[in-house]
Protein chains: 2
Amino acid sequence: MSTAHSLATEELGSSAQRERRKRILDATIDLASQGGFDAVQMRAVADQAEVALGTLYRYFPSKIHLLVSALGREFEKTESALRERQLTGQTPAERVIEVLKLTSRGLQGDPHLTEALTRAFMFADSSVQTEINQVGMYMTSMVTRAMHPGRTEFDDQDVAIARVIGDVWLSALMGWVTGRSTAAETGQQIEVAVKLLLRD
Amino acid sequence: MSTAHSLATEELGSSAQRERRKRILDATIDLASQGGFDAVQMRAVADQAEVALGTLYRYFPSKIHLLVSALGREFEKTESALRERQLTGQTPAERVIEVLKLTSRGLQGDPHLTEALTRAFMFADSSVQTEINQVGMYMTSMVTRAMHPGRTEFDDQDVAIARVIGDVWLSALMGWVTGRSTAAETGQQIEVAVKLLLRD
DNA sequence: TCCATAATAGGAACACGTTTCACTTCTTCG
DNA sequence: CGAAGAAGTGAAACGTGTTCCTATTATGGA
């Protein structure tokens with residue numbers, strides 16, 4: 001434990017363990033990026049990360065845990081990238097749409113990866129609650145911050161709206177990763193929802 | 001539509017084939033109802049429906065197709081039951097909430113079945129598009145009809161709102177079947193969204 | 001009725017997530 | 001340092017979705 005403190009969600013462990021964990025998640029992202037959900041095969045991940053299959057399962061108790069953890073790491077990056085970006089939209093609706101478009105574009109730039117991570121998220125049950133909640137918080141945080149830049153506290157109505165937007169976003173993404181709608185339709189769908197919800 | 005013609009989504013076939021198909025779907029619903037998604041094992045379905053495994057796969061090319069087809073049959077029943085029911089709500093929002101509560105209550109009365117069907121729906125890819133679209137149409141139809149009872153044509157705004165509500169409903173259901181939220185929270189979540197969307 | 005063809009039965013075999021186990025290599029601490 | 005326990009390795013084995021194959025049975029037209 002080199003540095004001062006650790007968040008509740010951070011795992012402790014030796015540097016060798018942190019290194020292994022990183023290698024595993026890197027391999028996961030890499031395989032997902034190449035061939036999507038089906039290409040993330042546990043034996044392949046273990047091989048590419050240069051750990052034994054049993055070790056992989058010691059770090060991540062299932063394929064779903066593995067992929068949702070990877071999603072968490074990706075969302076963390078996205079959220080911190082967004083924090084540094086100045087939004088240009090004039091209204092809450094415009095800014096929210098801007099944020100969602102940026103995020104979606106990032107995802108749609110890597111369809112296989114998106115498919116793998118979204119599928120895992122949708123399939124995750126309560127045993128993955130910790131990782132899931134983390135992703136949900138990033139999402140809500142990104143939307144509420146877009147609604148009211150600079151503010152740090154948000155009232156119930158704002159959070160409720162952000163949640164609904166998150167739901168629509170997930171459904172739209174689901175439609176896209178499962179090939180039921182195009183990227184354009186997905187964007188449209190989200191835009192309509194945001195305008196309906198933030199129309200005052 | 002007894003004998004004269006058939007819709008595009010209806011399969012033709014001899015009465016023996018229709019009978020087998022029904023037995024398979026019945027077995028599917030039964031097993032799902034008892035033990036959820038995991039209990040719907042293809043060998044078990046085949047056994048209970050008294051068909052060979054190969055025959056099961058001839059009728060439904062995958063477990064997902066099988067379950068989404070079963071969902072379609074259930075939704076058909078729900079939708080026609082709702083058609084005959086007189087809604088008591090005074091406003092569109094109240095009526096939509098009424099319809100969704102009724103539907104949700106039906107689902108939550110059989111948690112295992114709901115879990116199985118919802119999971120399958122979420123996991124379905126574009127190869128199941130036909131069945132998926134059918135389910136989506138039932139959903140949109142139920143919501144728009146609740147918004148404007150008696151009306152048969154709906155403008156774009158109404159349909160857009162119905163779609164957003166459907167998205168929230170699916171996300172909420174997902175949270176519930178995966179054990180991430182309670183039935184009460186799910187109902188609350190949907191109610192908030194409907195009130196936000198139909199607040200004028 | 002009889003034959004060609006499609007449909008079904010029955011079951012082996014394969015793929016991949018997951019579990020298990022015996023053995024080896026670290027890590028830690030007295 | 002040396003020993004105990006934790007972590008990692010490598011491989012076998014199991015469960016379930018899916019595929020494949022051969023023999024048998026229905027079906028429908030000449």
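Chain naming here is simple, since letters A, B, ... match the order of the sequence lines and numbering starts at 1 in each. Quick caveat: nothing in here was measured; it's all calculated off a predicted structure.
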query = Do B:Thr178 and A:Asp125 get their side chains close enough for a donor-acceptor pair, meaning under 3.5 Å?
reply = no

inquiry  = Set out, in order, the CA-CA distance, both residues' side-chain angles and the distance that settles salt bridge (Lys or Arg N to Asp or Glu O under 4.0 Å) for A:Lys77 and A:Glu74, then state yes or no.
reply    = CA-CA 5 Å; A:Lys77 277 194 230 162; A:Glu74 292 299 296; 3.3 Å; yes

inquiry  = Distance check needed: D:dT19 C1' versus B:Phe60 CZ, whole Å only.
reply    = 19 Å

inquiry  = Test of understanding: clusters of I, L, V, M, F, W, Y form through side-chain heavy atoms closer than 4.5 Å, transitively. Do B:Val192 and A:Leu197 belong to the same one?
reply    = yes

task = Scan residues 61-74 of chain B against DNA chain D and write down, sorted by residue number, each residue with any heavy atom closer than 4.0 Å; if none is found, say none.
result = B:Ser62, B:Lys63

query = How would you label the contact of B:Tyr59 with the nucleic acid (heavy atoms, under 4.0 Å): base, sugar-phosphate, or nothing?
reply = sugar-phosphate

B:Ser181-B:Gln189 side chain donor-acceptor pair, cut-off 3.5 Å = no

request  = Write down the atom of A:Ser171, the atom of B:Asp167, and the distance for their closest heavy-atom approach.
outcome  = OG-O, 3.0 Å

query = For B:Phe123, what residues pass the ring-ring contact (aromatic ring centres under 6.0 Å, His included) criterion, not counting sequence neighbours?
reply = A:Phe37, A:Phe123

query = Angle class for the B:Phe75/B:Tyr138 ring planes (parallel below 30°, perpendicular above 60°, tilted otherwise)?
reply = tilted

message = Once you apply a heavy-atom cut-off of 4.0 Å, does B:Arg58 come out as touching a base, just sugar-phosphate, or nothing?
response = base

query = Which nucleotide, D:dG8, D:dT27, C:dA9, lies nearest any side-chain atom of B:Ala16?
reply = D:dT27

ask   = How many Å lie between OH on A:Tyr57 and C1' on D:dG10, as a whole number?
value = 16 Å

query = Rounded to the Å, how far apart are B:Ile24 CD1 and C:dA7 P?
reply = 14 Å

ask   = Heavy atom of residues 33-56 of chain B under 4.0 Å from DNA chain D: which residues?
value = B:Val40, B:Gln41, B:Met42, B:Arg43, B:Leu53

B:Arg180 to A:Phe121, cation-pi by 6.0 Å centre distance and 45° axis angle = yes

request  = Measure the distance from CD on B:Gln17 to C1' on D:dG28 and round it to the nearest whole Å.
outcome  = 13 Å

inquiry  = In this structure, how many angstroms lie between the C1' atom of D:dA7 and the CZ atom of A:Arg18, rounded?
reply    = 16 Å

Interatomic distance where CG belongs to A:Leu31 and P belongs to C:dC16 [whole Å] = 13 Å

note = Checking A:Lys22, A:Arg23, A:Arg21 against A:Glu19 for salt bridge (charged side-chain N to carboxylate O under 4.0 Å, His left out), the one that qualifies is A:Arg23

message = Just the rounded figure in Å: distance from P of C:dG17 to CZ of A:Phe123.
response = 13 Å

